[in-house]
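For reference, the structure is listed below as structure tokens.
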Amino acid sequence: MADTNKSIHGEWSSRFAFILAATGSAVGLGNIWKFPYITGENGGGAFVIVYLLCVAAIGIPIMIAETMMGRRGRQSPINTLQTLTEEAGANKNWHYLGWLGVIAGFLILSYYSVIAGWSMAYVIKAFTGSFSGESASQISGLFADLQASPIQQAFWHTLFIIATMAIVARGVQGGLEKAVRFLMPSLFAILMLLVAYAMTTGSYMQGIEFLFKPDFSELTAASVLTAMGHAFFTLSLGMGAIMVYGSYLPKDISIGKTAIIIAGADTLVALLAGIAIFPIVFANGLEVGSGPGLIFETLPIAFGSMTGGWLFGVLFFILLVFAALSSAISLIEPAVAWCVEHYGIERKHACIGMGFFTWLLGMGTVLSFNQWSDVTFFGATFFESLDYLTANLMLPLGGLFIALFAGRIMLPKDSKEELNLGNDMLFTIWKFLVSYVAPAAVFIVFLNVLGVFGIFS
Ligand code: PHE
């Protein structure tokens, strides 16, 4: 309830713990796997600029809104919305927004786990020295073999879901807080090392140019939507992950600056991943638009040819798996918290149930790379459709309504009290951004894809 001080699920030990957990949620496969490959598919620089604009103008204000709503509601997103709706005396239907988020998280985890599974498989490949001395095409072949095998992918997917649910079952704090404290700095260090390697490839500047030199003629309405969808995906926004983490945030902690720190760290990791990957792509004559396999086909080349690359390969993929784990737990936490609240069941049991259904759905993604590769919906495979539906539609739509709710439905006195920005001017700016700028931006991008304006079409 709004004036109860603690969530029944527990609380973070400090502001720093919240920053780590939320950064752990934000930094994941989205930054290292997805950002480089969609940048490659969407022509580079201009796409990156749209993405950065979306992070700043839409992402940060919505992150503040989600954290604030979570902390005021103190429950799973579904029940938080219910409580806040009552508090504001608004239309009851707003709680469906909580449902939209819980379902999106569930759908995303189903395919996220399959990709995280690839990363696990690559830990073993790196460990057994599969990359050393191999050519770019042999390394692509390794990836093709993995994709062609439903059994191997199902194995790793199963393992990843079990690991995720085991952490969630133990509650979010103890293990997790400690884990991210160590993992995030290590991931950062290894990325820097890969950036240093990329500088030696001779195609460094070509990579940098591709990432940062905009060519707006490359931009289409569809790529603007992808950039915006990715801003939501990479910051874990629009589905209640940050909201549920906000509900474990102690009362006396201020929300504004924390959101900027989290978004900044997340963006930095994505850009570093791009800076590490594109020079390798160009130096080896690989295809920038090769899709979801991009990092699995490029980074092993670096590991295979640098001294000590064996060890760095193992470390890199382990860290990638951990980064994925710290995001995965936040994808399913809203659903688990809701089950515990609604059915009064134990967390453990909620995890078993949710884990099973996500796992089952994930098998569709596994098969979409082999057996079902020609089963398509509007020309997209099962995996591609789920990715489009969640990242490009559900998250921006969820974000649009979260912004409207925080900006226009909640009473200003309540949001102001909860945010406690200590500065009226900042509050006014934030409220303007969530009430008008963010919703309008999302709306315009949606309309543009439907061809209404014909900009970048
Ligand atoms: N932000 C995570 C990533 O970039 C994915 C994610 C999306 C996590 C939505 C939680 C909620 O990998």
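Keep in mind that what you see is a predicted model, and the values were worked out from it rather than measured. Values below: every heavy atom of this structure, side chains too, minus hydrogens, waters and symmetry copies.
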Nearest atoms (heavy-atom pairs only) where [X] meets [Y]:
{"X": "Ala56", "Y": "Pro61", "value": "O-CD, 3.5 Å"}
{"X": "Val244", "Y": "Glu333", "value": "CG1-CG, 3.6 Å"}
{"X": "Ala136", "Y": "Leu286", "value": "CB-CD2, 4.1 Å"}
{"X": "Val366", "Y": "Pro150", "value": "CG1-O, 3.6 Å"}
{"X": "Pro279", "Y": "Thr201", "value": "CB-OG1, 3.6 Å"}

Do the ring centers of Trp430 and Phe427 come within less than 6.0 Å of each other?
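Here the rings of Phe427 and Trp430 have centres that are less than 6.0 Å from each other.
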| request: Indicate the ring-plane relationship of Phe383 and Trp33, choosing parallel, tilted or perpendicular according to the 30° and 60° boundaries. | output: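 Geometry flag for Trp33 against Phe383: tilted rings.
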- Classify the ring geometry between Phe382 and Phe377 as parallel (under 30°), tilted (30 to 60°) or perpendicular (over 60°).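 Tilted: the ring planes of Phe382 and Phe377 meet at 30° to 60°.
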Nearest 0.5 angstrom please: [X] [atom1] to [Y] [atom2], how far?
{"X": "Trp118", "Y": "Lys125", "atom1": "CH2", "atom2": "NZ", "answer": "12.0 Å"}
{"X": "Leu142", "Y": "Ser137", "atom1": "CG", "atom2": "OG", "answer": "10.0 Å"}
{"X": "Leu393", "Y": "Leu225", "atom1": "CG", "atom2": "CG", "answer": "6.5 Å"}

Requested in this report: Evaluate whether atom CD1 of Ile151 has more than 12 neighbouring non-hydrogen atoms of other residues, nucleotides or ligands under 6.0 angstrom away.
Outcome: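 Result for CD1/Ile151: open.
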Using a 3.5 Å distance criterion without hydrogens, assess whether the side chain of [X] forms a donor-acceptor pair with backbone atoms of [Y].
{"X": "Tyr122", "Y": "Gly117", "answer": "no"}
{"X": "Asn392", "Y": "Leu389", "answer": "no"}
{"X": "Arg71", "Y": "Ile253", "answer": "yes"}
{"X": "Thr128", "Y": "Ile124", "answer": "yes"}

Going by atom type alone, with no hydrogens or angles, which donor-acceptor pairs under 3.5 Å involve a side-chain atom of residues 37-53 and a protein atom two or more places apart or on another chain?
{"unit_1": "Thr39", "atom_1": "OG1", "unit_2": "Phe35", "atom_2": "O", "d": "2.7"}
{"unit_1": "Asn42", "atom_1": "ND2", "unit_2": "Ile38", "atom_2": "O", "d": "2.8"}

| task | Compute both the distance and the angle, then confirm whether Lys34 meets the cation-pi test with Phe233: under 6.0 Å from the six-membered ring centre, within 45 degrees of the axis. | result |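 Yes - Lys34 lies over the ring of Phe233, closer than 6.0 Å to its centre and within 45° of its axis.
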Table please: side-chain donor-acceptor pairs of residues 300-324 below 3.5 Å, with sequence neighbours left out.
{"unit_1": "Ser305", "atom_1": "OG", "unit_2": "Tyr197", "atom_2": "OH", "d": "3.0"}
{"unit_1": "Ser305", "atom_1": "OG", "unit_2": "Ile301", "atom_2": "O", "d": "3.2"}
{"unit_1": "Trp310", "atom_1": "NE1", "unit_2": "Ala126", "atom_2": "O", "d": "3.3"}
{"unit_1": "Trp310", "atom_1": "NE1", "unit_2": "Phe127", "atom_2": "O", "d": "2.7"}

